[in-house]
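Quick caveat: nothing in here was measured; it's all calculated off a predicted structure. The sequence lines fix the lettering, A, B, ..., with proteins before strands; numbering per chain opens at 1.
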Amino acid sequence: MEKYEKLEKVGEGTYGKVYKAQDKATGQLVALKKTRLEMDEEGIPPTALREISLLQMLSRSIYVVRLLNVEHVDKNGKPLLYLVFEYLDTDLKKFIDSHRKGPNPRPLPPSVIQSFLYQLCKGVAHCHSHGVLHRDLKPQNLLVDKEKGILKIADLGLGRAFTIPLKSYTHEIVTLWYRAPEVLLGTTHYSTGVDMWSVGCIFAEMVRRQALFPGDSELQQLLHIFRLLGTPTDEQWPGVSSLRDWHEYPQWKPQTLARAVPTLEPEGVDLLLKMLQYDPANRISAKAAMEHPYFDGLDKSQF
Amino acid sequence: MEYDPENPLTISNEEQHRVSDPIEALFAAESDHMSPLAGGHLDLSARRDAVSVILQAQFGCSLDPFAAYLAVNYVDRFLSKREIPSGKPWIVRLLSISCLSLASKMKKTDLNLTDFQREEGFIFDSQTIRRMELIVLGALDWRMRSITPFSFLRFFLSFFSPAQAPLLHALKARASQTLFKAQNEIKMLDFKPSVIAAAALLSAAHELLPIQFASFRSAISSCEFVNKERLLECCDAIGDVAMDGCDLTFEMVSSSNTPVTVLGRHCSSSESERTVGSSSDECDLKNRRISELRGALRLSQA
């Protein structure tokens, strides 16, 4: 840890404090995340071992924030683990905010939205191909390199890989605004669809510069969704009314999605619609999304 | 989250059709998990000593063979990156113990290191093992979900798809046996895990399914991820290893009545009589079968 000089605290991550720091030898900026993983008599805890090695495997993709190193410090005789990640100076939330507020409010250029969404899909496809769900995708968790126009997925939590058989997970995971309806309705099985719903919400937010479904409670969140997309029925989403937290809701008819994202071209609206399918089995996968005509004008060779 | 050597990427069956081809990710990452002899400075005597400690643990404490396999993989990768000072045999033992500890944690299997060490006549305290664990983790870049030949068995078995489930099961069992044995062969370290897996399955197919062998061989050698020349070399190398335990096959053949045995008998009936013969006969037989296998594999190159 003497290798790094802490510069400032930049936030509270999922596992604790995050510091911006500098590698004294190379000058490279890094993000230091202190984990709650303590070494004990048995050495490195098995869960930490399995999860950090999974994180390491994922960080091969340039669309996932790179895990550079794992450091340990002795604190009162107990080694603590720090994860050392590459540092990026902004995230998608700040990036969108800078286009909404401040001295020069303006829409995000369509080409930037297209490129960021493609990179996001690519990163998500990478995680999914390794059997890992993110489950907490939100603009704050997407780091941005403004100069290079690169977007990377961060805060891949520990303990999030799904295995065979699928376990049911605890419910407090996804930030409300990006939370998929099946999660809000208490499904016991999470699938890759939960991430794709979040990707859809993030897509819309880049276009609108404000959240698509800004609910402040689980019920309000559902009502936001139902008001735009219509109250779901068993025909369009088999089994929805048997989900644990299903109640009788007001019957809303679906609105025209394009009206929520008026500046988005028709191909983009079509892709968004496929991401916001109620039935998780019908929701487009990250891999399929990358092939959607919305990206036809994008030079994919650069990615 | 548990590390499954046959599925290091933790993909569930129901998700498999939705994700980008996971097998591509495996092929792309396998080189990170090798410890090639060429260009490296693998200390062969240290390796031999370490493997012997690990095998002791496997047989003495009935450790999961996969955990032992994984521990040897860690030892190999460590030795290809770090030099062990000569004249300090205790370091090799400490390395073996730490790799065993890490491997059993990855595999979620219990291993009582204290008991094991007591039997072996050396005891490292937990702090020393903990420190060594961290050194190993650092040297291996925390890439502990090793991609080994086992990770590719399922993929290559899919090339055998016309075969029935019991046959596939037998093939996989035979190939797995070969893989466990092949790990002790230094020369196998030069081959990619995927190539070793393909060679082990081909050798098993040659033995158990001689009739379908030719079609499997051409299917596997046409796989875009496999370098044919390397596969051939690896088949050569693995031939000896695989044939080394042909007695096991005979046991398997005579002890069950699944469809495997029909084909198994078909290919070995003429030989099973000979196995009761003199040991020189057995030796001849083994050599003959190895050269048959080599010949059969070469044909695919033509």
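- Heavy-atom neighbours of B/Asn112 CG from other residues, nucleotides or ligands within 6.0 Å: above the threshold of 12.
- When the shell of 6.0 Å around NZ of B/Lys88 is examined, it contains 12 or fewer heavy atoms from other residues, nucleotides or ligands.
- Rounded to the nearest 0.5 Å, atoms CG (B/Leu137) and CD1 (A/Ile52) are 8.5 Å apart.
- In this structure, the side chains of A/Ile44 and B/Leu102 come closer than 4.5 Å at one or more pairs of heavy atoms.
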Can A/Val70 and B/Leu134 be said to form a side-chain contact (heavy atoms from CB on, under 4.5 Å), step by step? CA-CA 10 Å; A/Val70 182; B/Leu134 286 170; over 6 Å; no
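- With values rounded to the nearest 0.5 angstrom, A/Met57 atom CE is found 4.5 Å from B/His33 atom NE2.
- Heavy-atom neighbours of A/Gln302 CD from other residues, nucleotides or ligands within 6.0 Å: above the threshold of 12.
- Shortest non-hydrogen contact noted between A/Pro46 and B/Lys105 is CG-CG, 3.8 Å.
- Residues A/Ser53 and B/Met106 form a side-chain contact, since some pair of their non-hydrogen atoms from C-beta on lies under 4.5 Å apart.
- Minimum interatomic distance between A/Leu81 and B/Trp142 (heavy atoms only, all atoms of both residues): CD1-CH2, 4.2 Å.
- Rounding to the nearest 0.5 Å places CG of A/Leu54 at 13.5 Å from CE of B/Met144.
- Both the backbone and the side chain of B/Asp141 have a heavy atom closer than 4.5 Å to some heavy atom of chain A.
- Between A/Arg50 and B/Arg145, the shortest heavy-atom distance links the atoms O-NH1, 3.1 Å.
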